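Heads up: the structure comes next, in structure tokens.
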Amino acid sequence: MHDTGTVTPAPAPRTEPQRTDAAPDQHARRFGLPVATALVTGNIIGGGIFLLPASVAPYGTVSLVAFAVLTAGAIALALVFGRLAERDPRTGGPYVYARAAFGDFAGFLAAWAYWITTWVSNAALAVAAVGYLDVLIPVNDHRWTACLAALVIQWLPALSNFAGTRYVGAVQLVSTVLKFAPLLLVAVGGLFFFDPDNLGPFHPGGGSALGAVSASAAILLFSYLGVESAAVSAGEVRDPRRNVGRATVIGTLGAAFVYLLGTFSVFGTVAHDRLVTSAAPFSDAVNAMFGGSWGGWAVALAALVSMTGCLNGWTLLSAQTPYAAAQDGLFPAAFTRKRRGVPTVGVGVTVVLASLLTVYNYTAGSARVFEILVLVTTFTATVPYLLATAAQLYHLARGEQVHRARLVRDAVLAALAFAFSLWLVAGAGYAAVYQGVLFLFAGVPVYAWLAARRQRATG
């Protein structure tokens, strides 16, 4: 029999009926390729890009090598998610893939870890956005004014989600376009003002160049979190077997282009000794290109748009994985409630938890506890990646792919993606991995309780 190289879809879960992800009303509209791509790009590029050039400047231009290596790993991960979505194009992404390959407990761990990541990260994004807002409107003078601003920044994207997927997609597309405009201005425009003398040394520190690549990579590793966005929302994507993979790869390439070219242009327009101590490298680049001091305002506005769009997409993702797990009985049933294409209970619970964490951050008066929690999410975010790439290796090892050339290619991509995910875990640091494991296994009693309820219901 002639093999076309297509992937055989996985069978439905063993005991549950096949889930469907229908969008029944006018406010629930499935995402086409452009919106799905914007979801990936918008979720990868948050506000961190506006500080990245200064963060890696101390390592010299060797950090661009680290960027290139990480980009290759992120693209491999994107391609693996595309292949997995061809096999099983349901909402939930890594959760669905882990459960199909390894059973309920692995699926639950993927869902639990991803859920923790989303609501803690949302709180972190909102608090960081207040710093940019303060450039435009003074809010940091009083602690509770800053807290209120952070809560408003969280709840506006949540309200967009409550309005339905139709509006989520529109906000995501517009915010991604508005975000790209100033970033591309620096990334492309900076090439016309590029001065090689600004680059500074290739490797200014002592030790090996490989060590410098690894050290700068530790800072850059988490710049690509969000590559799974289209896969997690596959049930809301039109023709997901085709479009999820395309959106994931195109969105990741778009983010990589902005990251690499933007950092390179800032390196070439801002003197190295100034860049190392810069608090707003893109502002300094705009000021160097066009003169004046309006760059700070422009970049602050762009950062606000970027982070609000990122919150819009992450708020949707924060509800999608619990929704998928709840449909399979692995999360409380309330998370299955959907209105206008959006799992409203998931959005509501997530924004409330993120709001409580934000209030706690300002009440404590110290960012230390909050910083620890954010570091923990860098570990929890990679747990679903590891399980999903392991699921792809599992399917390949079972011999589901008959075409030899396709099998070799998929195996190499899956191995690279798994190595990339493992590198993400290593980059989180010992403390974050230790605390992240505690967060992860805190969900085990929840799984035990839900599993017992399911067994009683079926027995």
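Not measured: the values here are computed from a predicted model.
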Practice prompt. Could you check I45 against C310 for side-chain contact (heavy atoms from CB on, under 4.5 Å), going step by step and ending with a plain yes or no?
Written response: CA-CA 7 Å; I45 300 178; C310 194; over 6 Å; no

Worksheet item: Which is it for W297 and S283 under the side-chain contact (heavy atoms from CB on, under 4.5 Å) test, yes or no, and what are the steps along the way?
Response: CA-CA 8 Å; W297 282 68; S283 295; over 6 Å; no

Would you check if the side chain of [X] reaches a backbone N or O of [Y] as a donor-acceptor pair within less than 3.5 Å?
X	Y	answer
Q154	V152	no
N243	R238	yes
T308	V305	no
S265	A187	yes
T263	L260	no
W112	F439	yes
S63	Y59	no
T117	A381	yes
T382	F379	yes
N161	P157	yes

Worksheet item: Under 3.5 Å, is there a donor-acceptor pair between the S355 and W155 side chains?
Response: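 Their side chains do contain a donor-acceptor pair, which is all the 3.5 Å distance test asks for.
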
Worksheet item: Going by distance alone, is a donor N or O of one side chain under 3.5 Å from an acceptor N or O of the other, for S160 and N312?
Response: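 On atom types as modelled, these side chains qualify, holding a pair under 3.5 Å.
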
Please report the shortest heavy-atom distance between [X] and [Y], naming the atom on each side.
X	Y	answer
S318	T118	CB-OG1, 3.3 Å
A414	L393	CB-CD2, 3.5 Å
A234	R90	CB-O, 3.5 Å
K338	P343	CG-N, 3.7 Å
R246	L33	CB-CD1, 3.8 Å
A324	G92	CB-CA, 3.8 Å

Side-chain heavy atoms of [X] within contact of [Y], under 4.5 Å:
X	Y	value
L191	L261	yes
F420	L424	yes
L133	L304	yes
W144	T363	yes
V244	P89	no
S121	W314	no
P94	L387	no
C147	L151	yes

Side-chain donor-acceptor pairs under 3.5 Å in residues 64-78, sequence neighbours left out?
| from | atom 1 | to | atom 2 | distance (Å) |
| --- | --- | --- | --- | --- |
| T71 | OG1 | F67 | O | 2.8 |
| T71 | OG1 | Y224 | OH | 2.5 |

Discussion item. Around atom CZ of F193, are there more than 12 heavy atoms from other residues, nucleotides or ligands closer than 6.0 Å?
Written reply: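 Buried by this count: over 12 neighbours within 6.0 Å.
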
Worksheet item: Do other residues, nucleotides or ligands put more than 12 heavy atoms under 6.0 Å from Y434 OH?
Response: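 Counting neighbours around OH of Y434, 12 or fewer heavy atoms of other residues, nucleotides or ligands fall under 6.0 Å, so no.
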
Worksheet entry | Audit row: N198, H272, side-chain contact (heavy atoms from CB on, under 4.5 Å) steps and yes/no | CA-CA 6 Å; N198 288 329; H272 181 261; over 6 Å; no

Worksheet item: Is the F267-F194 ring centre distance short of 6.0 angstrom?
Response: no

Distance from [X] atom [atom1] to [Y] atom [atom2], nearest 0.5 Å?
X	Y	atom1	atom2	answer
T252	E228	OG1	CD	9.5 Å
L39	T248	CG	OG1	9.0 Å
D88	R241	CG	CZ	7.5 Å
F290	L185	CZ	CG	5.0 Å
T145	Y362	OG1	OH	10.5 Å
Y95	W115	OH	CH2	15.0 Å

Practice prompt. Name all residues meeting the salt bridge (Lys or Arg N to Asp or Glu O under 4.0 Å) criterion together with R242; count only those two or more places apart in sequence or in a different chain, and write none if there are none.
Written response: none

Worksheet item: Between Y97 and F81, what is the ring plane arrangement, given parallel below 30°, perpendicular above 60°, and tilted in between?
Response: tilted

Fill in: Worked verdict on R83 versus L79 for side-chain contact (heavy atoms from CB on, under 4.5 Å)
CA-CA 6 Å; R83 298 294 288 156; L79 289 167; 5.6 Å; no

